[in-house]
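Below is one structure, written out as structure tokens, with a few remarks after it.
Predicted model only: the values in this text are computed from it and were never measured.
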Amino acid sequence: MGMRNFRAEKGDRPRLDRLFLRRFLTLQSVLFPRWMSENVLMLLTLLVVALTGQLVVYQVGILPSQFYGVLANRDPSGFRRLAVLAVMLILAISLLRSVEQYIGKLVYVNCRKVMTEHLHKLYFTKQVYYTLSTERPHVDNPDQRMTQDVERLCRELGTVASKLLITPFTLVYYSYQCAISTGWMGPLSIFGYFVIGSLLNRLLMGPLIPKLVQQEKLEGDFRFKHVEIRVNAEAAAFTRAGLVEHSRTAQRLQNLISVQKDLMNQELWLYFGTNLFDYLGGILSYMVIAVPIFAGVYRDLSAAELSELISKNAFVSIYLVNCFSQIIDLSSSLCDVAGYTHRIAELDEAMRCILQGQKDEDEEAKELQPCDAVFVLEDVTITAPGSDCTLVRNLNVHVREGSNLLITGETGSGKSSILRVLARLWKPKRGHVCVFTPFGPRGVLFLPQKPFLSDGTLREQVIYPLKEVFPNSGQVDDDRILRSLEMSGLTCLLSRTGGLDHKVEWKW
């Protein structure tokens, strides 16, 4: 059985392409698995609230034109009526916008929960958390991808969700209103302006996505270096390694800052293009209105009526331009979404691939006939993952229940590697490995070379990695735990930790 050396291909650069679209849709299927899921219902509620808000926005937008009319006609009763209506509409739009923002935050929190739980389910299944680091080294910093990257992706999606949902409706409605006022030239010129702006921003976004992915990788490496020093602080202090660790940490910081500067230099032109089209949009709206006015379409209107019409048409045209400008403004958010999508989806794909490979191996193992041996290694050759250096060659071992086996050898001769293969953490390069006993208290238990103290109480540490005392006597069984502490000479921990059920920070 061979071992592939998984590496990122040189030309495998994240882009806005079909791969991004496929990965984005895959993540959306995780966030919105069915039509009646909680996230879908929240998005539908958000759509209703946002569309209602747009109807109120339109009424607020045409109020200035109505004020022009009543002021030009010196109509005090009409002015009072409009003032009351304006206050009521402003209260309504304030409430709707607040609810819209609130639902957007709920979407962000729930999307993060769903995505993180999905990744955790894959990550903690069948030792994927170990296999990922040994067989998929190009999938860097999985902890960062499941925490920071997921948080940022869901935050971006929650922020732009309402805009993306209502944009098609607002574009159709305001294009129709603009066509009524200015003719077909109005919406057509605004649409052409949007197409040019989109193409320009698409061109400017291309180099940003690989840089963003590289920045996130270096962010994870930099943070991991600090975690590494914190975990191994005592060893570093004994060896007086402060200067060399300072130098290496500073080098990682320098690499990160260098990439961040390159990213900011490239973002400068994206910001320039975005701001340029934002301000051009304000002028374009008046150019659109000027065409029918100078063509004499409204020559029969009085100055007051023309002012009222210009104000109303200006709002429609400006709002239509603003809708397109918002889409262009989302280009910077799209860069972030694309970068995080590639990183999270790459992790998801790698974990699914590992689980599928393990499923195929389990299917093959089911076809093997049990024998009187618990472990069987036949003509096994072992190499470290990603390496061609042979550690163990042509090993044949049968371990039966009740028998003892002692493996001795020099450091680095492959003793621990045999245990990793038996525990199904490594795959042999060649040969067959059969295990005819379950892992756990009913079968075989492997003890790691380096002790691991997880979070939890003293009781949970004693029975780790089980959740309950085995075998379960049906009642609180503190005596067995106390006897275990006494036999190991660790009864002093009871007073130091405050008892069996007191939460303790074991890392210190």
Side-chain angles (χ1 to χ4, degrees), residues 5-8 10 14 116 119-120 123-124 127-152 210-265 339-340 342-344 346-347 350 383-387 389 391 410-417 419-420 425-426 447-456 461 464 496-497 503-508:
N5 183 13
F6 289 92
R7 294 177 300 176
K10 183 177 180 181
T116 305
L119 295 176
H120 280 179
Y123 190 66
F124 292 107
Q127 295 77 51
V128 169
Y129 51 87
Y130 176 83
T131 309
L132 189 66
S133 62
T134 57
E135 295 186 9
R136 303 293 197 279
H138 67 280
V139 183
D140 59 272
N141 302 305
D143 59 320
Q144 181 189 19
R145 298 182 188 225
M146 288 185 290
T147 54
Q148 178 177 295
D149 291 353
V150 168
E151 189 274 335
R152 291 181 178 178
K211 283 291 182 183
L212 177 64
V213 173
Q214 184 183 7
Q215 173 190 282
E216 294 303 322
K217 176 185 181 301
L218 294 176
E219 286 277 9
D221 293 342
F222 181 60
R223 188 183 68 250
F224 179 78
K225 185 62 179 176
H226 280 280
V227 174
E228 182 183 55
I229 295 172
R230 178 170 61 85
V231 172
N232 301 284
E234 182 176 295
F238 269 122
T239 57
R240 300 298 191 270
L243 290 178
V244 66
E245 290 299 335
H246 181 193
S247 174
R248 294 175 180 177
T249 306
Q251 183 60 48
R252 295 203 182 196
L253 174 62
Q254 184 60 38
N255 295 338
L256 172 60
I257 296 300
S258 177
V259 171
Q260 285 183 323
K261 287 182 177 179
D262 291 341
L263 180 62
M264 288 187 293
N265 291 337
Y340 299 136
H342 279 297
R343 286 177 57 79
I344 297 170
E346 184 182 33
L347 173 64
T383 61
S387 173
C389 179
L391 301 174
E410 297 179 356
T411 302
S413 60
K415 303 184 298 299
S416 300
S417 301
L419 290 179
R420 293 187 182 104
L425 299 181
W426 287 7
L447 294 178
Q449 291 178 309
K450 183 180 178 180
F452 173 50
L453 288 176
S454 181
D455 57 333
Q461 295 294 350
Y464 190 84
R496 294 174 61 184
T497 60
K503 290 289 184 180
V504 181
E505 289 292 335
W506 296 97
K507 66 185 71 175
W508 304 114

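Scanning both residues, Leu391 and Ser417, for their nearest heavy atoms gives CD1-OG, 3.3 Å. Closest of all the heavy-atom pairs between Val139 and Ala350 is CG2-CB, 3.9 Å. The two residues Pro137 and Thr134 have their closest heavy-atom pair at CD-O, 4.1 Å. Summarising the geometry of Gly339 relative to Leu212, their closest heavy-atom pair is CA-CD2, 4.0 Å, with the distance given to 0.1 Å. Nearest heavy atoms, Pro385 versus Trp426: CD-CE2, 3.4 Å. The nearest pair of heavy atoms linking Met146 to Leu347 is CG-CD2, 3.6 Å.
Residue Met264 holds its CE atom at 8.5 Å from CD of Gln215, rounded to the nearest 0.5 Å. With values rounded to the nearest 0.5 angstrom, Gln127 atom CD is found 13.0 Å from Leu132 atom CG. Atoms CG and CD, on Leu256 and Gln251 in that order, are 11.5 Å from each other to the nearest 0.5 Å. One distance of note links CD1 of Ile229 with NE2 of His226; it measures 6.5 Å at 0.5 Å rounding.
Residues Asp149 and Arg343 are paired through a salt bridge, judged by an N-O separation under 4.0 Å between the basic side chain and the carboxylate.
In this model, no donor atom of one side chain and acceptor atom of the other lie less than 3.5 Å apart for Gln260 and Gln214. With 3.5 Å as the limit, one finds a donor-acceptor pair spanning the side chains of Glu216 and Gln148.
Between the side chain of Arg252 and the backbone N or O of Asp221 there is at least one donor-acceptor pair closer than 3.5 Å. Side chain of Ser133 to main chain of Tyr130: a donor-acceptor pair is present (N/O by atom type, distance under 3.5 Å, no hydrogens or angles). In terms of modelled atom types and a separation under 3.5 Å, the side chain of Ser247 and the main chain of Leu243 share no donor-acceptor contact. At least one donor-acceptor pair closer than 3.5 Å links the side chain of Arg145 to the backbone N or O of Asp140.
Counting heavy-atom neighbours within 6.0 Å of His246 NE2, excluding the residue itself, gives a total of 12 or less.
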Self-check item: Stepwise side chain to side chain contact (heavy atoms under 4.5 Å, CB included) check, Ile344 with Leu119
Solution: CA-CA 9 Å; Ile344 297 170; Leu119 295 176; 4.0 Å; yes
Self-check item: Chi angles and distances behind the side chain to side chain contact (heavy atoms under 4.5 Å, CB included) call for Thr249, Phe222
Solution: CA-CA 7 Å; Thr249 306; Phe222 181 60; 3.9 Å; yes
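For the pair Leu253/Lys225, no side-chain contact is recorded, criterion being any heavy-atom separation below 4.5 Å from C-beta on. Thr116 places a side-chain heavy atom less than 4.5 Å from the side chain of His120. No side-chain heavy atom of Thr131 sits less than 4.5 Å from a side-chain heavy atom of Val128. Residues Asp143 and Phe224 are not in side-chain contact: their nearest non-hydrogen atoms beyond the backbone lie 4.5 Å or more apart.
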